[in-house]
Amino acid sequence: MQNLLLSYYGDDLTGSTDVMEALELGGVPTVLFMRQPDPSLLARFSHCRAVGLAGTSRSETPQWMEENLTPAFEWLKALGAAICHYKICSTFDSSPAVGSIGRATEIGRRIFGEASVPMVVGAPQLKRYTAFGNLFAAFRGAFFRIDRHPVMSRHPVTPMDEADLLVHLSRQTSLGSGLVNLATLQADNLSQTVDQILRDKDIVLFDVDSLRTQQRVGEQLWRIHEKGHGFVVGSSGAEYALLAAWAAKGIVSGHAAFPSPGPVDRLAVVSGSVSPTTEKQIRHALAHGFEGIEMDAMRLVREGAGEAIEQAVAAGLASLAKGHSVVLYTALGPQADRGAEIDRIEGARNTLGRALGTILRRLIAEQKLKRAVIAGGDTSSHALGQLAIDALTVRMPLPQSPGSPLCVAHGGGEIDGLEIALKGGQVGTDAYFETIRLGS
């Protein structure tokens, strides 16, 4: 592929589609592969200027990362894009044992042969802000330091108990870290200061608290990539920053247009999320014509899960056959979280995602559905793997719910052309599922 602006690895599926949406909205044609493509599949998307690889590292161990990120980064490096991005969640939730951002950065730094790695987390488009190294995030109209966030401070796997991102990162890596803070971003000698910090530190976090600072960061990322800093770690804030710089330089033409796909008569949703945001979305859907099917998460992860899967499929098919849209869910909010029980079974969270994917695949095939949704960041990565999808492209961005676009699946059989949305637990308005059904 020629003239690639960017390649990226997403640490989960919803994060991967988040990046794809940002790039497409900025006028950069993008394809997201579910696994490393063969040359013929890659050639089908030769018009794209950005290439992504969806992963699951957010829910994996450092050892898994060493075994899996190493070949993934080597493949991405071989594409020859101007910048390669390791995409992390904008809430930075991670730990030394699960989803270690520090370990992933170490691996990328080694593969790309870089002395220093820039990092960007703030993304005003997602209501995520970094100020003097501390992360703030919105929740239902209010703003919280991340260690006081009503959801992320209580994340069932990687709760955020530290808002200073470099302190949080120091628990995961021995690499030295530095900060380009808000005051530095306003200085006249910004470029010289950035170059000095990059010489002195292994990881350099850039503050972003506004569209203005975001553009300045983007200008720096594009400037320093030519100095050997082409590997970047961060949220989709990295793409938003680069897009601002690219647009200012005329490298990209600006926003692309996406016609509305229109409504479908029936929509199937599977959800493994325990988020209060997803709870509100499920309740809204049930109040607006969707039928709900509650599933026992423990039955789906224990031996003999086949019976629970068959029961869920039968219930979903019956509802769809009557002309209803359907939501199959394992929890209604954090009060229904059975994470402690699930974690007593090795690999059970991944097993749960695969079970939900199996259920959705059956519903799509047997009812010939044209559109579907998977809710839950970790769920989506493992669930989508059951659908035999090769790649995704954007069908309809959702500016009102950034990070959760409606996509088109590319693959074999009934999957090819399927419209599917992958929604992280914290993402979307209350009417998200109905918005996807209406396609507008």
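Here the structure is a predicted model, which is why all the values come from computation and not from measurement.
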For this session: Would you please test F433 and H284 for ring-ring contact (aromatic ring centres under 6.0 Å, His included) and show each step?
Result: CA-CA 8 Å; F433 298 138; H284 184 279; 9.3 Å; no
Problem set entry | Y9/H85 under ring-ring contact (aromatic ring centres under 6.0 Å, His included): CA gap, chis, key distance, verdict | CA-CA 6 Å; Y9 179 99; H85 176 206; over 10 Å; no
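For H229, the ring-ring contact (aromatic ring centres under 6.0 Å, His included) criterion is met by no residue, not counting sequence neighbours. With sequence neighbours excluded, the residues satisfying ring-ring contact (aromatic ring centres under 6.0 Å, His included) with F112 are F231. Not counting sequence neighbours, the partners of S210 by the side-chain hydrogen bond (donor to acceptor under 3.5 Å, both in side chains) test are T213.
When side chains are defined from C-beta on, Y329 does not count as touching M295, because their heavy atoms never get closer than 4.5 Å. Residues V31 and L42 are not in side-chain contact: their nearest non-hydrogen atoms beyond the backbone lie 4.5 Å or more apart.
Residue pairs meeting the side chain to side chain donor-acceptor pair (under 3.5 Å) criterion with at least one member in residues 363-374, sequence neighbours excluded: R266-Q367, R362-E366, R371-E419. Residue pairs that meet the side chain to side chain donor-acceptor pair (under 3.5 Å) test with at least one member in residues 25-40, sequence neighbours left out, are R35-D390, D38-S40. Applying the salt bridge (charged side-chain N to carboxylate O under 4.0 Å, His left out) test to residues at least two apart or on different chains, the pairs with a partner in residues 330-340 are D296-R338, R338-E341.
Taking a cutoff of 4.0 Å between a charged side-chain nitrogen and a carboxylate oxygen, D161 and R171 qualify as a salt bridge. At a threshold of 4.0 Å, the pair E106-R110 does not count as salt-bridged, since none of the basic side-chain nitrogens sits closer than that to a carboxylate oxygen. A salt bridge is defined here as a Lys NZ or Arg NE, NH1 or NH2 lying under 4.0 Å from an Asp or Glu carboxylate O, and K87 with D11 fails to meet this definition. A salt bridge links D12 with R58: the distance from a Lys NZ or Arg NE/NH1/NH2 to an Asp or Glu carboxylate oxygen falls below 4.0 Å.
Ring centroids of F290 and H324 are separated by 6.0 Å or more, keeping the two rings apart.
Surrounding CD of Q335 are more than 12 heavy atoms belonging to other residues, nucleotides or ligands, all under 6.0 Å away.
Looking only at atom types and distance, the side chain of S94 has a donor-acceptor partner in the side chain of Q172 under 3.5 Å away. In summary, the side chains of Q281 and E434 do not present any donor paired with an acceptor at a separation below 3.5 Å, with no hydrogens or angles considered. The closest side-chain donor-acceptor pair between T278 and K423 falls under 3.5 angstrom.
For the residue pair I359 and V313, the shortest heavy atom distance occurs at CA-CG2, 4.0 Å.
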